[in-house]
Amino acid sequence: MSSMSPVERVLRQMEGRPVDRVPCFCAMMESRTANEIIGKPLVGNEFIMNLPVSKFFMNNWGPQLTKTFARPNLIATINRRNLGQVEMGFDAIWAYYDDSWIFVDAGTIALTTGSIHKLIPDGFGDMTYMYKGPGITTPAEFDAWPYWPNGDDVAHRVYKYFKKFCAKYGDKTCIFGYGFFGGLHETMNWTFGIDKAPIWIRKHPQYVARFLDMLEEVTIKSHVALMDAGCPVVLQTDDFAYKTGPFLSPKMVEDIFGDRYRRIIKNILSRGRKYGLHSCGDNTRL
């Protein structure tokens, strides 16, 4: 069998057709590893964020400075991680992109979909984050949440990034595009709290429906942007299970998420592209 290009090799493998060799895939890359491959940036994010002037401005005007200061820095960091995967020569890469974070202050970021995360050093000169808790605990807080994502704005930024990335690297590796952080179920857990999400489902089903409608819309629009930009595969994450089994009963998962995921996946397959779902936990019963 003649030698195949990385894209051909991966797509044929996904279709169950013969390939010249087993393809290799990189499931994302942290900044530490990327820096070892392509070299460290002149100034690390930890140094920047620990400057007194940075702390002063972010503590006082974090949300306002997100677009002009924090987002460009975040995009540059993400791009370095994606470039590190390309440079390693994998047949396929998990090309991550998401800039839908809001800096609440110098040490706290909010996901636009309603969860709070701590910004912490990664131990190697860069910054990472750790889930702190739900951003929404009552219906009143849901109605007052100021950061809900706009699907069109998200899609525009996703398209802008991946149009350039695919044009430059689309022949070198099969790009699994990932353009919006979090799947429907896992994001619901982060937003309402993993222990409180089932209570919201029972006590406030109309709010859960509104929330999932919004997520589905942003997800589909970001997926269209990925495909229009040239990604042959759309990758999505959604953790549905503990290591011992599903968070919710299979029937509840089907009732709440079944039709939504059928629409999400149909939108991709009907355009002739591939879809991949990364889901942690033991999903056997699902």
Side-chain angles (χ1 to χ4, degrees), residues 5-15 23-31 33-34 38 71-72 74-101 111-113 149-184 186-187 215-239 260-280:
S5 70
V7 177
E8 180 185 10
R9 182 177 298 118
V10 171
L11 295 184
R12 286 178 63 95
Q13 177 72 55
M14 293 183 76
E15 294 168 356
C24 54
F25 170 69
C26 186
M28 298 181 63
M29 184 174 287
E30 294 181 340
S31 291
T33 309
I38 63 177
R71 185 174 291 163
L74 175 61
I75 293 172
T77 299
I78 290 171
N79 190 57
R80 290 178 60 81
R81 295 179 179 186
N82 291 336
L83 292 180
Q85 296 182 73
V86 174
E87 289 300 312
M88 285 291 288
F90 291 95
D91 292 304
I93 67 168
W94 180 337
Y96 177 89
Y97 177 88
D98 183 74
D99 61 9
S100 57
W101 299 91
L111 198 60
T112 55
T113 47
N150 179 286
D152 292 329
D153 290 344
V154 171
H156 175 76
R157 299 197 300 270
V158 168
Y159 175 82
K160 183 179 179 181
Y161 176 81
F162 277 98
K163 185 67 175 177
K164 293 181 180 179
F165 194 83
C166 290
K168 195 168 185 179
Y169 304 109
D171 293 333
K172 296 181 179 180
T173 184
C174 186
I175 297 173
F176 284 43
Y178 180 87
F180 185 68
F181 189 58
L184 308 186
E186 64 186 7
T187 304
L215 275 186
E216 182 182 342
E217 177 188 353
V218 179
T219 297
I220 288 178
K221 287 183 175 180
S222 67
H223 287 175
V224 171
L226 288 167
M227 292 185 286
D228 287 348
C231 294
V233 182
V234 173
L235 184 66
Q236 185 169 5
T237 63
D238 205 349
D239 298 339
R260 295 184 186 279
Y261 266 103
R262 278 185 277 275
R263 290 190 291 267
I264 287 170
I265 297 171
K266 182 179 180 180
N267 172 59
I268 296 167
L269 300 186
S270 65
R271 295 167 184 258
R273 306 300 172 89
K274 308 297 184 186
Y275 174 84
L277 177 66
H278 165 81
S279 187
C280 288

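Nothing fancy with the numbering, it's 1 onward along the sequence.
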How close do Leu11 and Cys174 get, heavy atom to heavy atom, and via which atoms?
CD2-SG, 4.2 Å

Among pairs that include at least one residue of residues 225-238, which meet side-chain hydrogen bond (donor to acceptor under 3.5 Å, both in side chains), considering only residues two or more places apart or in two chains?
Tyr178-Thr237, Glu186-Thr237, Gln236-Tyr261, Gln236-Tyr275, Asp238-Tyr261

The test is side-chain contact (heavy atoms from CB on, under 4.5 Å); show your working for Arg271 and Val224 and say whether it passes.
CA-CA 9 Å; Arg271 295 167 184 258; Val224 171; 3.9 Å; yes

Measure the spacing between CD1 of Ile175 and CG of Leu226 and express it to the nearest 0.5 Å.
10.0 Å

In Å, rounded to the nearest 0.5 Å, how long is the span from SG of Cys231 to CZ of Phe162?
5.0 Å

Side chain Arg80, main chain Ala34, donor-acceptor under 3.5 Å
no

Side chain proximity check, Phe180 to Pro149, heavy atoms < 4.5 angstrom:
yes

Above 12 or not: heavy atoms from other molecules or residues under 6.0 Å from CE of Met88?
no

State, to 0.1 Å, how close Ala95 and Phe165 come at their nearest heavy-atom pair, and which atoms those are.
CB-CE2, 4.2 Å

Interatomic spacing from OG in Ser222 to CD1 in Ile264 - rounded to 0.5 Å:
9.0 Å

Taking the side chain as every heavy atom from C-beta outward, state whether Leu74 and Trp101 have any pair of such atoms under 4.5 Å apart.
yes

Considering only residues two or more places apart or on different chains, which pairs with a residue in residues 159-174 satisfy salt bridge (charged side-chain N to carboxylate O under 4.0 Å, His left out)?
none

So Tyr96 and Leu235, side-chain contact (heavy atoms from CB on, under 4.5 Å) or not? Walk me through it.
CA-CA 9 Å; Tyr96 177 89; Leu235 184 66; over 6 Å; no

Can you see whether Tyr161 engages Asn79 through a side-chain donor-acceptor pair at a distance of less than 3.5 angstrom?
yes

Using a 4.5 Å cut-off on heavy atoms from C-beta on, say whether the side chain of Phe25 contacts that of Asp91.
no

Return the CG to CZ distance between Asp99 and Arg157, rounded to the nearest 0.5 Å.
4.0 Å

Please report the shortest heavy-atom distance between Val158 and Gly179, naming the atom on each side.
CG2-O, 3.1 Å

Determine the minimum heavy-atom distance between Lys221 and Gly151, stating which atoms define it.
CD-C, 3.8 Å

For the student: nearest non-hydrogen atoms of Met29 and Arg81, plus distance
O-CD, 3.1 Å

Within-4.5 Å side-chain heavy-atom neighbours: Leu184 and Arg260
yes

Non-hydrogen side-chain atoms of Ile220 and Glu216 separated by less than 4.5 Å:
yes

Working to the nearest 0.5 Å, report the span between CG of Asn267 and OG1 of Thr219.
10.5 Å

Flag side-chain contact, heavy atom, 4.5 Å: Gln85 against Thr173:
no

So do Phe176 and Val234 actually touch side chain to side chain, heavy atoms under 4.5 Å?
no

Measure the spacing between CD1 of Ile38 and OG1 of Thr33 and express it to the nearest 0.5 Å.
11.0 Å

Shortest non-hydrogen separation from Phe181 to Asp98 and the atoms involved
N-OD1, 3.1 Å

